[in-house]
Amino acid sequence: QVQLAESGGDSVLDGGSLRLSCNISEYIFTSYCVGWFRQVPGKEREGVAGFDTDGSTTYGDSAKGRFTISRDHDNNVLYLQMNNLKPEDTGMYYCAASFKLRWQPKCTLEPAVYNRWGQGTQVTVSS
């Protein structure tokens, strides 16, 4: 069973940067949708950025222009580089994966689709 473990969360000041890591127990990049999600207090979990099985990327509106998703194929690690962080980025960040079925045209950032989740890593941005 695929297991995911996030790390890299921290407390930073407004405008700061962080890089989150997600260690994945096995190589899944060519068969699973993988992505980063966040849970902000009082709001529903939302998709931040994701990879499709062909290597294409998708970003949520909150991440465009500030966050970059990347991956290390050799070590099965998923990254999220976050720049120009704002207080509204504060929340628990999760990586997740979902086996891509043959009929799926494209991976999405809909949290309900994903069935493998890490435990999360906390990001706090203060002004």
Side-chain angles (χ1 to χ4, degrees):
Q1 174 166 312
V2 175
Q3 296 180 327
L4 307 101
E6 305 90 338
S7 62
D10 206 344
S11 296
V12 297
L13 294 176
D14 191 352
S17 297
L18 281 174
R19 188 176 79 158
L20 306 182
S21 301
C22 174
N23 287 284
I24 306 172
S25 60
E26 58 190 88
Y27 185 79
I28 62 171
F29 293 132
T30 54
S31 56
Y32 280 69
C33 304
V34 294
W36 286 98
F37 299 80
R38 70 183 186 186
Q39 183 87 55
V40 175
K43 295 186 178 181
E44 294 185 354
R45 191 170 295 187
E46 65 171 341
V48 175
F51 268 112
D52 206 321
T53 53
D54 63 359
S56 59
T57 56
T58 303
Y59 289 90
D61 289 341
S62 63
K64 290 177 182 177
R66 299 188 299 132
F67 297 177
T68 303
I69 191 171
S70 62
R71 58 191 184 178
D72 180 342
H73 287 262
D74 293 334
N75 296 297
N76 300 331
V77 182
L78 186 70
Y79 297 103
L80 184 68
Q81 177 67 43
M82 304 187 294
N83 297 326
N84 191 22
L85 283 162
K86 305 173 183 179
E88 52 264 40
D89 294 316
T90 294
M92 188 69 78
Y93 284 69
Y94 301 88
C95 62
S98 174
F99 183 76
K100 188 176 183 182
L101 300 174
R102 289 183 180 274
W103 55 263
Q104 281 182 265
K106 190 172 178 59
C107 294
T108 72
L109 290 176
E110 172 54 52
V113 173
Y114 291 76
N115 55 9
R116 297 285 185 264
W117 292 85
Q119 81 288 351
T121 187
Q122 177 68 35
V123 172
T124 303
V125 185
S126 56
S127 55

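Note: hydrogens, waters and symmetry copies are ignored here, and every other heavy atom, side chains too, is used. For the single chain, residues carry numbers from 1 onward in sequence order. Everything numeric in this text was worked out from a predicted model, so none of it was measured.
Pairing each heavy atom of D14 with each of S127, the nearest pair is CB-CA, 4.0 Å. Closest non-hydrogen pair, N84 versus S17, comes out as N-OG, 4.2 Å.
At a threshold of 4.5 Å between non-hydrogen side-chain atoms, the residues F67 and L85 count as touching. No side-chain heavy atom of F99 sits less than 4.5 Å from a side-chain heavy atom of N115.
Distance check, rounded to the nearest 0.5 Å: OG1 of T58 to CG of D52 gives 7.0 Å.
A distance-only check finds no donor-acceptor pair linking the side chain of Q119 to the backbone of A5 [under 3.5 Å]. Between the side chain of T90 and the backbone N or O of V125, at least one donor-acceptor pair lies under 3.5 Å. A donor-acceptor contact shorter than 3.5 Å is absent between the side chain of Q39 and the backbone of G91.
Using a 4.5 Å cut-off between side-chain heavy atoms of Ile, Leu, Val, Met, Phe, Trp and Tyr, with links allowed through other members, M82 and V12 fall into the same hydrophobic cluster. In the hydrophobic cluster analysis, where Ile, Leu, Val, Met, Phe, Trp and Tyr join through side-chain heavy atoms closer than 4.5 angstrom, Y93 is grouped apart from F37. In this structure, L80 is a member of the same hydrophobic cluster as L4, with clusters built from ILVMFWY side-chain heavy atoms closer than 4.5 Å. Hydrophobic clustering (side-chain heavy atoms under 4.5 Å, transitive across Ile, Leu, Val, Met, Phe, Trp, Tyr) keeps V123 apart from V40. Hydrophobic clustering, with ILVMFWY side chains joined whenever heavy atoms are under 4.5 angstrom apart, keeps Y94 apart from V77.
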Donor-acceptor pairs under 3.5 Å, side chain of residues 21-30 to any protein atom, not counting sequence neighbours: which ones?
unit_1: S25; atom_1: OG; unit_2: Q3; atom_2: N; d: 2.8
unit_1: Y27; atom_1: OH; unit_2: H73; atom_2: ND1; d: 2.8

Mind listing the side-chain donor-acceptor pairs of residues 103-114 below 3.5 Å, one per line with the distance, residues two or more places apart or on another chain?
unit_1: Q104; atom_1: OE1; unit_2: L101; atom_2: N; d: 2.8
unit_1: T108; atom_1: OG1; unit_2: E110; atom_2: N; d: 3.2
unit_1: E110; atom_1: OE2; unit_2: A112; atom_2: N; d: 3.3
unit_1: Y114; atom_1: OH; unit_2: T108; atom_2: O; d: 2.6

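Both tests do not hold together for R116 against Y32: distance to the six-membered ring centre under 6.0 Å, angle to the ring axis within 45°.
Side chains of Q81 and R19: no donor on one and acceptor on the other come within 3.5 Å.
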